[in-house]
Amino acid sequence: MSLPRQPAGRLRAADAGRRVRLQGWVARRRDLGELLFLMVRDRSGLVQILFDRARCPSDAVDRAGQARSEDVVEIEGEVLLRADGQRNPEQPTGDVEVLASKLDFLARSETPPFTIEDRTNATEELRLEYRYLDLRRPSMLANFVLRDEIAFRIRRVLHDRGFLEVETPMLTRSTPEGARDFLVPSRVHRGQWYALPQSPQLFKQILMVAGFEKYFQLARCFRDEDLRADRQFEFTQIDLEISFPTEDDVFDAVEAFLVEAFDAAGIRVERPFRRLAYAEAMERYGTDRPDLRFDLALSNLDRAAQGTGFAPFAAALSAGGVVRGLRVPGGAATSRKKLDELAELAKEHGAAGLVWVKKSAGEVSSPAKKALSEAELDRLLSAAGVEDGDLLLAVADREKPALAALAALRVAAARERGLVDESRYVFCWVTDFPLLGFDEDAGGWYPMNHPFTSPRDEDLPLLESDPGRVRARAYDVVVNGWELGSGSIRIHRADVQERVFRRLGISEPEGRERFGFLLDALKFGAPPHGGIALGLDRICAIAAGATSLREVIAFPKTTSGICLMTHAPARVPAAQLAELGIEPPKPDRG
Ligand code: ASP
């Protein structure tokens with residue numbers, strides 16, 4: 001009877017003397033003439049195999065001499081304790097090696113385009129083209145072992161709390177997250193199209209109407225957006241919905257599974273998460289996804305900047321804009337070059353420019369010094385709480401670009417000053433978002449979240465009279481400057497839903513055409529309900545310490561939406577198009 005297969009990476013000193021049978025990939029060969037070593041790798045890790053002409057059958061040694069990287073081999077042999085000086089403390093199997101008695105090739109490999117090691121200098125394009133080789137690298141495998149553990153723990157927490165995992169359709173109709181849809185033509189119903197779901201939003205609400213009370217799904221979502229390093233066309237959400245909830249019920253479920261998910265990576269997460277109202281987040285940090293690992297807060301310099309002779313301040317304030325500042329403790333030592341970079345960063349975020357003021361050994365220096373009197377400068381510095389040795393960064397502009405610029409400057413300055421403790425994960429809930437934003441270009445209101453988010457009851461009367469002041473029962477969960485997820489308590493009354501649609505400029509016929517099934521469902525006893533969705537890919541990337549979502553997605557697309565391995569998207573034969581009633585594209589001219 002043949003020996004059972006032994007995982008290579010599990011062999012330890014206690015296994016010395018055992019006969020074992022291994023199957024795996026040749027990671028390296030080292031040929032010393034009389035002695036020959038193969039490192040053999042499988043999913044469990046690596047172990048060293050020793051071929052010794054004096055002790056091993058010659059055909060096994062001869063074959064080992066022909067072994068090449070990534071050949072698949074089967075080896076039998078005896079586990080030996082390595083001599084003292086030959087142990088490798090860096091490898092879990094480093095105390096032992098296997099003295100081979102047999103070697104068979106199960107498959108041969110061509111020379112791989114890059115070596116299968118954690119540290120690689122292969123370009124990302126090459127790694128994506130040969131993804132199966134890239135995924136053989138132990139560090140990549142580790143990301144997926146972690147991802148599996150995270151997903152498993154999240155499922156366990158939610159299952160234990162009574163959430164039902166329910167699958168919702170991939171072929172559906174346009175959903176309301178506001179991104180572009182991926183469309184799928186219907187063959188049977190010529191001229192009609194399915195859309196891939198941007199999220200299961202409407203289905204989960206309808207599951208609440210169905211009386212399921214607690215739903216969740218690790219749901220694949222599709223959004224045809226311009227891709228950036230941290231986006232993919234398709235991604236996975238931890239999507240959940242609860243009936244008869246308070247905000248606290250949602251927060252409690254999410255905090256419980258996030259603690260578990262990060263624990264899978266050995267990261268401790270403190271509960272309860274801090275809560276921060278949207279207005280406060282914007283005022284203090286200039287953003288609704290603040291990095292709270294460091295304490296720097298913005299200051300409002302409107303009053304101090306009023307009536308000064310400094311033209312950019314006067315221009316911003318008279319145009320209804322703002323002057324906001326950031327005190328950088330100990331920042332007076334910042335070099336000119338760094339200040340220029342910070343000014344550039346402010347511009348990248350849409351601000352007209354950046355004014356800096358340094359205070360060092362009682363001396364104030366600033367490019368704005370000539371235009372400001374000593375008293376005016378003092379007023380600014382004290383409004384920002386600047387002390388000796390500090391730097392003040394100030395931006396005068398319309399509120400949006402000014403805050404965006406200062407939010408970015410806050411992070412850059414904190415990094416520069418070494419204030420970011422990379423070992424910490426500081427979570428918070430951002431609450432009390434406005435329900436609506438105003439689109440200057442289109443001249444209309446749009447939902448800050450999506451059109452099914454409930455206004456606060458007490459703000460409902462403002463919906464028609466002062467829409468900008470209506471607060472939503474919406475919330476985001478944020479960690480270290482990343483938005484992990486967002487959700488809300490929903491509208492569960494058809495009349496309120498209709499009113500919100502009207503405010504958003506969705507006419508009655510349009511509302512019926514797009515969301516009639518939801519409006520109908522709301523008429524048949526819809527319970528109050530609410531939920532949230534969190535990005536699983538992002539959670540895995542943060543937990544794994546990965547720089548890109550592509551490191552935790554097995555077969556991701558490039559930033560231009562291409563799968564370099566399968567070459568999707570691709571043309572299809574004209575006959576396939578004809579069956580769908582679609583005209584082939586006209587050949588490109590010129
Ligand atoms: N469906 C929403 C989204 O994908 C999340 C939610 O409101 O639950 O952003």
Side-chain angles (χ1 to χ4, degrees), residues 154 158 163-170 172-182 195-209 212-225 230-243 245-247 249-255 257-258 278 288-289 429-437 446-456 471-478 482-492 497 500 504 514-515 518 522 526-539 549:
I154 292 171
L158 291 172
F163 285 80
L164 297 182
E165 183 163 19
V166 181
E167 288 168 297
T168 52
M170 288 286 156
T172 177
R173 54 184 299 153
S174 191
T175 55
E177 270 66 31
R180 216 172 283 118
D181 284 319
F182 281 100
L196 302 182
Q198 293 184 30
S199 87
Q201 182 63 35
L202 297 172
F203 290 105
K204 67 175 171 174
Q205 290 193 237
I206 286 175
L207 287 172
M208 295 304 102
V209 181
F212 280 27
E213 294 193 11
K214 286 176 171 181
Y215 141 94
F216 89 99
Q217 182 180 190
L218 300 196
R220 201 64 80 76
C221 305
F222 304 85
R223 297 182 194 177
D224 188 0
E225 294 177 304
D230 60 339
R231 287 264 173 92
Q232 285 280 312
F233 283 151
E234 52 184 304
F235 56 94
T236 307
Q237 281 188 344
I238 307 155
D239 190 47
L240 65 87
E241 197 76 6
I242 306 176
S243 289
T246 62
E247 276 83 344
D249 295 327
V250 178
F251 295 179
D252 184 49
V254 170
E255 291 184 13
F257 74 63
L258 283 177
Y278 170 82
D288 55 10
R289 46 181 175 84
W429 290 103
V430 180
T431 61
D432 294 310
F433 284 85
L435 184 73
L436 306 164
Y446 63 87
M448 292 281 280
N449 187 263
H450 52 57
F452 310 105
T453 295
S454 175
R456 286 236 220 153
R471 284 161 305 169
R473 293 183 69 185
Y475 32 77
D476 280 1
V477 57
V478 172
W482 294 103
E483 182 204 304
L484 281 189
S486 73
S488 58
I489 304 299
R490 325 296 182 186
I491 298 169
H492 73 283
Q497 187 63 72
V500 169
L504 293 170
R514 289 183 62 197
F515 308 119
L518 176 77
L522 294 184
H529 59 283
I532 191 166
L534 286 84
L536 178 64
D537 310 293
R538 167 87 53 230
I539 289 170
L549 296 183

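By convention here, the first residue in the shown sequence is residue 1. Just so you know, ligand 1 is whichever comes first in the structure, and atom 1 is the first atom listed for that ligand.
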(message) If the condition is side-chain contact (heavy atoms from CB on, under 4.5 Å), which residues does Arg223 pass it with, not counting sequence neighbours?
(response) Glu177, Ala179, Gln198, Ser199, Glu225, Phe235, Gln237

(message) Would you say that Ile242 contacts Phe163 through its side chain, given a criterion of any heavy-atom pair below 4.5 Å between the two side chains?
(response) yes

(request) Sort out the contact shell of ligand 1: every protein residue with a heavy-atom distance below 4.0 Å, listed by chain and number. (result) Glu177, Ser199, Gln201, Lys204, Arg223, Gln237, His450, Ser486, Gly487, Arg490, Ile532, Ala533

(request) Identify whether the distance between the nearest side-chain nitrogen and carboxylate oxygen of Arg289 and Glu483 falls below 4.0 Å. (result) no

(message) Test of understanding: with side-chain contact (heavy atoms from CB on, under 4.5 Å), list the residues that count as partners of Val166, not counting sequence neighbours.
(response) Leu164, Leu207, Phe212, Tyr215

(request) Go through the structure and list residues passing salt bridge (charged side-chain N to carboxylate O under 4.0 Å, His left out) with Asp537, not counting sequence neighbours. (result) Arg147

(request) For Thr431 and Glu247, run side chain to side chain donor-acceptor pair (under 3.5 Å): C-alpha distance rounded to whole Å, both residues' side-chain angles, the deciding distance at 0.1 Å, then the answer. (result) CA-CA 10 Å; Thr431 61; Glu247 276 83 344; over 6 Å; no

